[in-house]
Trainee: 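If you scroll down you'll find the structure; I have some questions about it.
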Amino acid sequence: MKTAVIIFLMTCTKVMCTEDTCSKEDPLCKEKSENKFIDPNQVQSIINEIEMLRRTNLNKAYEEIKSFLIDYPENPNGLLLLSKIQRALYSKLHPKMRDIGKLELLNPSLYVLIKILKLPKEDLADKQHAETAEFASANALGCGNKTMSVLMLKTILERHNNPSIDMETYRYYFEMLAEELFYDKQYSEAKEMIENFHKMFPGPNSELKLLSALISRYNEIVNKQPFVLSHDILKKIKPKDDDQKREIIIFINDVETELRKQKRTTEVYTLFELCEELGVFPSKYQRPNMLFDNLKAQPVWSVEESGQKEKLMKLQDNWKHIKRELTNLTAELEDEDWKENSNLETQGLYGQYFFLGDGRTSLPPFACAVTPMFCEIIKEFNLVQECALCEVKLEFIEPLAHLRPHCGPTNAKLRSVIPVSMSTNITVVQNEESPFRMRVGDETIQWEEGKPSVFDTSFENELWNKSGGPKLLLVIDFKHPELTPEDDILHPSNWEILDVDGSSVYQMKPSVLS
């Protein structure tokens, strides 16, 4: 038995006295340990060298920083550099490798930041904690993982009253935490955080109160309860002026984007119903940024109601000739002539060729040389002279394309769509619905080649092409028939067109806004 114990102790001794660890009785090992980079400046110089290497050889820098952290696992500067290198490596991955990259690079980079933020004050000074918190919050909020962003924000806030973090930044962290808890479906904790936020930062806080109302209303719907609590919250946040209304609309757009990404459709339309009750939007489906009161509002219009019957029927009566012109034009156009619709999230390819719109303020001579009859009829709409925001375009829609729900910018104009090509090879029909269709509000448009349909784009609209072939649509915008000269904000004299990163942006002139 004694022999076994002695062997066991000898084994332990061999393990304990490795190159990286020291026995108290081993003076040589102790001396070696004491000589290991005692000078903090020498340690920082190694980090600086790896930082320089990162700019020329990212993979080599990654190996060097991992090796450095074996000796200095708690060094905050080294850990921060590791996180930045992991993030940079992830950003260079091919999109098809991003899922693996999240597990091997992105998520580990965020956990490294959490490790830094958890370091005690003696290892991570308040100023460095504040700088790391700013970097960490931006990365966590941008990663798309709501559970991770909640964890990161909670970790940042674990160090109370950091004097290097100003009150406005603290407010931002608490506000983001409340929102991220909601997006992560931690409803009870989100409600509690919102209540605490109001105590810490008194004020209107309309956006978070609206979020609280949404949580309450959603629970009332799920539990089949009367809308008492949510209604009480709404009373306190009804916007008093257009500025407050605009702030709420900006917030709503952000919430909608995230909820749709998560396919939480019930909460999306619950939110819009709350906005209708607040008077922010006319209805849960009609949600333009520029709303004109007292204009007739309906999702789908008849040609007779549009005020453009004569011109639209002229297109229909001459359709065979016009279709031939438009088909010939598509054969003449180059790939660069078609513009991807960057304003809408799409599934499948979706290209547009503009006769008018997207910065084009006159009919293109080349296109009109190929489509003379069509251009002559379009001139009768007087869009160049009268409507800056009206578009005339061809839309090429690939099979399986899906234009997700969206609303147009204003109810001051209507849109006519005429299918140019409706040929189909194979169709995928679900629930006996047309494979190629558009929903406007709660109505569905069933198209027929050569026949114009008219709808109001300020109502939520969505398009599907589940057919087996591409589709070509002709789109023509025109003013709402009830728009008076006094309210005619669409006149070209009221707008300027800016070039922003190669895209045309329409901006109302300052003189009109004042």
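Quick caveat, the model's predicted, so the values are computed rather than measured. In this chain, residues are counted from 1 in sequence order.
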Trainee: Would you mind checking if R260 and E256 are paired as a salt bridge, meaning a charged N to carboxylate O distance below 4.0 Å?
Mentor: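 Looking at R260 together with E256, the answer is yes, because their closest N to O distance falls below 4.0 Å.
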
Trainee: Quick one: do R287 and E460 make a salt bridge, cutoff under 4.0 Å?
Mentor: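 Yes, this pair counts.
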
Trainee: Are more than 12 heavy atoms from other residues, nucleotides or ligands located less than 6.0 Å from atom CG of D499?
Mentor: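 Count over threshold, so yes.
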
Trainee: Check whether the side chains of E462 and H402 place a donor and an acceptor atom closer than 3.5 Å, and report yes or no.
Mentor: yes

Trainee: Measure the OG1-CZ distance between T410 and F292 for me, rounded to the nearest 0.5 Å.
Mentor: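 CZ of F292 is found 5.0 Å from OG1 of T410.
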
Trainee: Please evaluate residues N465 and S467 with respect to the criterion side-chain hydrogen bond (donor to acceptor under 3.5 Å, both in side chains), reporting the C-alpha separation (whole Å), side-chain torsions for both, the decisive distance (0.1 Å), and the verdict.
Mentor: CA-CA 5 Å; N465 182 13; S467 71; 2.5 Å; yes

Trainee: Could you check if a side-chain atom of M438 sits within less than 4.5 angstrom of a side-chain atom of F455, using non-hydrogen atoms only?
Mentor: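 Answer yes - side chains close enough.
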
Trainee: Under a 3.5 Å distance rule, please check whether R437 uses its side chain to pair with a backbone N or O of S434 as donor and acceptor.
Mentor: yes

Trainee: To check you understand the geometry: which heavy-atom pair defines the closest contact between L490 and L389, and what is its length?
Mentor: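 Minimum heavy-atom contact is CD2-CD1, 3.7 Å.
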
Trainee: Could you give the distance from CG (N494) to CG (D488), rounded to the nearest 0.5 Å?
Mentor: 7.5 Å

Trainee: Between D456 and P299, is there a donor-acceptor pair closer than 3.5 Å when you use the side chain of the first and the backbone of the second?
Mentor: no

Trainee: Once salt bridge (charged side-chain N to carboxylate O under 4.0 Å, His left out) is applied, do any residues pair with E207, and if so which ones, sequence neighbours excluded?
Mentor: none

Trainee: Could you give me the CA-CA distance, side-chain angles and deciding distance for S149 and E180, then say whether side-chain hydrogen bond (donor to acceptor under 3.5 Å, both in side chains) is met?
Mentor: CA-CA 7 Å; S149 57; E180 296 301 292; 2.6 Å; yes

Trainee: Could you tell me if N139 and R87 have a donor-acceptor pair between their side chains, going purely by distance under 3.5 Å?
Mentor: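 Per modelled atom types, R87 and N139 side chains form a pair under 3.5 Å.
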
Trainee: Do the side chains of V475 and D477 get nearer than 4.5 Å, heavy atoms only?
Mentor: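 Yes, their side chains come closer than 4.5 Å.
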
Trainee: Assess whether side-chain contact (heavy atoms from CB on, under 4.5 Å) is satisfied between F281 and L291, documenting all intermediate values.
Mentor: CA-CA 9 Å; F281 296 131; L291 176 69; over 6 Å; no

Trainee: Working to the nearest 0.5 angstrom, can you tell me the gap between L181 CG and K191 NZ?
Mentor: 13.5 Å

Trainee: Atom NZ of residue position K236 - does it have more than 12 heavy atoms of other residues, nucleotides or ligands inside 6.0 Å?
Mentor: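 Atom NZ in K236 is not crowded, with 12 or fewer foreign heavy atoms closer than 6.0 Å.
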
Trainee: Could you go through residues 362-376 and list every donor-acceptor pair under 3.5 Å that involves a side-chain atom there, pairing it with any protein atom two or more places apart or in another chain?
Mentor:
| from | atom 1 | to | atom 2 | distance (Å) |
| --- | --- | --- | --- | --- |
| T371 | OG1 | A367 | O | 2.8 |
| E376 | OE2 | K379 | NZ | 3.1 |

Trainee: With no hydrogens and no angle check, is any side-chain donor or acceptor of Q308 less than 3.5 Å from a backbone partner on V303?
Mentor: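 Checking the backbone N and O of V303 against the side chain of Q308, no donor-acceptor pair under 3.5 Å is found.
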
Trainee: Does the pair E277/R217 count as a salt bridge with the N-to-O cut at 4.0 Å?
Mentor: yes

Trainee: Decide, yes or no, whether a salt bridge links K393 with E395 under the criterion of side-chain N to carboxylate O below 4.0 Å.
Mentor: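 Yes, this pair counts.
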
Trainee: Between the main-chain N or O of I100 and the side-chain N or O of R98, is there a donor-acceptor pair closer than 3.5 Å?
Mentor: no

Trainee: Distance check, rounded to the nearest 0.5 Å: I221 atom CD1 versus S216 atom OG?
Mentor: 11.0 Å

Trainee: I want to check something: taking the side chain as every heavy atom from C-beta on, are Q244 and D241 in contact at a cut-off of under 4.5 Å?
Mentor: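 Yes; the side chains approach each other to less than 4.5 Å.
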
Trainee: Output yes when a side-chain donor or acceptor of N328 lies under 3.5 Å from a complementary backbone atom of R324, and no otherwise.
Mentor: yes

Trainee: Looking at side-chain heavy atoms only, is the closest gap between L274 and H231 below 4.5 Å?
Mentor: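 Side chain of L274 against side chain of H231, heavy atoms only: no contact under 4.5 Å found.
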
Trainee: Spell out, as yes or no, whether a donor-acceptor pair under 3.5 Å connects the side chain of K509 to the backbone of E496.
Mentor: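 Answer holds: no.
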
Trainee: Mark yes or no for whether N205, through its side chain, and L208, through its backbone, hold a donor-acceptor pair below 3.5 Å.
Mentor: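 Side chain of N205 to backbone of L208, a donor-acceptor pair under 3.5 Å: no, none is there.
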
Trainee: For the pair T270 (side chain) and T266 (backbone), establish whether a donor and an acceptor sit closer than 3.5 Å, ignoring hydrogens and angles.
Mentor: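 Such a contact is found between T270 side chain and T266 backbone.
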
Trainee: Do other residues, nucleotides or ligands put more than 12 heavy atoms under 6.0 Å from the CZ atom of F251?
Mentor: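 It does: F251 CZ has more than 12 such atoms within range.
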
Trainee: Run L394 and L473 through side-chain contact (heavy atoms from CB on, under 4.5 Å) and show every step you take.
Mentor: CA-CA 6 Å; L394 290 171; L473 300 178; over 6 Å; no

Trainee: Do S306 and F478 pass the side-chain contact (heavy atoms from CB on, under 4.5 Å) test, and can you show the C-alpha distance, the side-chain angles, and the key distance before you say yes or no?
Mentor: CA-CA 9 Å; S306 70; F478 44 83; 4.0 Å; yes

Trainee: Checking the side chain of Q298 only, and the main-chain atoms of V300 only, is there a donor and an acceptor separated by less than 3.5 Å?
Mentor: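 Checking the backbone N and O of V300 against the side chain of Q298, a donor-acceptor pair under 3.5 Å is found.
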
Trainee: Using a cut-off of 6.0 Å, state whether more than 12 heavy atoms not belonging to H491 lie near its atom NE2.
Mentor: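 Yes - once you tally the heavy atoms of other residues, nucleotides and ligands closer than 6.0 Å, there are more than 12.
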
Trainee: Answer yes or no: does atom CD of E168 have more than 12 heavy-atom neighbours from other residues, nucleotides or ligands under 6.0 Å?
Mentor: no

Trainee: Closer than 4.0 angstrom, basic N to acidic O: yes or no for E179 and K146?
Mentor: no

Trainee: Identify each donor-acceptor pair in which a side-chain atom of residues 332-339 lies under 3.5 Å from a protein atom, sequence neighbours left out, and give them as a table.
Mentor:
| from | atom 1 | to | atom 2 | distance (Å) |
| --- | --- | --- | --- | --- |
| D337 | OD2 | E334 | N | 2.8 |
| K339 | NZ | D358 | OD2 | 2.7 |

Trainee: Once the angle between the rings of Y506 and W495 is folded into 0 to 90°, is it parallel (under 30°), tilted (30 to 60°) or perpendicular (over 60°)?
Mentor: perpendicular

Trainee: Between M200 and Y170, is a side-chain contact (heavy atoms from CB on, under 4.5 Å) present by the stated rule, with each step listed?
Mentor: CA-CA 10 Å; M200 290 185 289; Y170 263 123; over 6 Å; no

Trainee: Taking atom CD as the centre, does E310 end up with more than 12 heavy-atom neighbours from other residues, nucleotides or ligands that are less than 6.0 angstrom away?
Mentor: no

Trainee: Do NZ/NE/NH1/NH2 and the carboxylate oxygens of E449 and K323 come within less than 4.0 Å?
Mentor: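 The answer is yes: the pair qualifies as a salt bridge.
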
Trainee: Within a reach of under 6.0 Å around CE of M508, are more than 12 heavy atoms found that belong to other residues, nucleotides or ligands?
Mentor: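 Result for CE/M508: enclosed.
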
Trainee: Please report the interatomic distance CG(L259) to OG1(T265), rounded to the nearest 0.5 Å.
Mentor: 9.0 Å

Trainee: What's the spacing between L271 CG and E276 CD if we round to 0.5 Å?
Mentor: 12.0 Å

Trainee: For a 4.5 angstrom cut-off between non-hydrogen side-chain atoms, does F354 reach V392?
Mentor: no

Trainee: Distance alone, cut at 3.5 Å: any donor-acceptor contact between the side chains of S458 and Q286?
Mentor: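 Yes.
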
Trainee: Judged by modelled atom types alone, do E486 and T484 share a side-chain donor-acceptor pair under 3.5 Å?
Mentor: yes

Trainee: Classify the ring geometry between F197 and F201 as parallel (under 30°), tilted (30 to 60°) or perpendicular (over 60°).
Mentor: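 The arrangement is tilted - the two ring planes meet at 30° to 60°.
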
Trainee: Is L153 close to Y172 at the side-chain level, that is, under 4.5 Å between some pair of heavy atoms?
Mentor: no

Trainee: Do I497 and V505 have side-chain heavy atoms sitting under 4.5 Å apart?
Mentor: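 No - every pair of side-chain heavy atoms lies 4.5 Å or more apart.
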
Trainee: I'd like to know if the side chain of T257 pairs up with that of K261 as donor and acceptor (distance under 3.5 Å, no hydrogens or angles considered).
Mentor: no

Trainee: Honestly, is K314 close enough over W319, meaning NZ or CZ under 6.0 Å from the six-membered ring centre and within 45° of the axis?
Mentor: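 No - K314 does not lie over the ring of W319 by the 6.0 Å and 45° rule.
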
Trainee: Mark yes when over 12 heavy atoms from residues, nucleotides or ligands other than K296 sit less than 6.0 Å from its NZ; otherwise mark no.
Mentor: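 Yes - once you tally the heavy atoms of other residues, nucleotides and ligands closer than 6.0 Å, there are more than 12.
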
Trainee: Any donor-acceptor pair under 3.5 Å linking the side-chain atoms of E305 with those of S302?
Mentor: yes

Trainee: Are side-chain heavy atoms of N461 and I445 found at a separation under 4.5 Å?
Mentor: no

Trainee: If we ignore hydrogens and angles and just use 3.5 Å, is the side chain of K238 paired with the main-chain N or O of L278 as donor and acceptor?
Mentor: yes

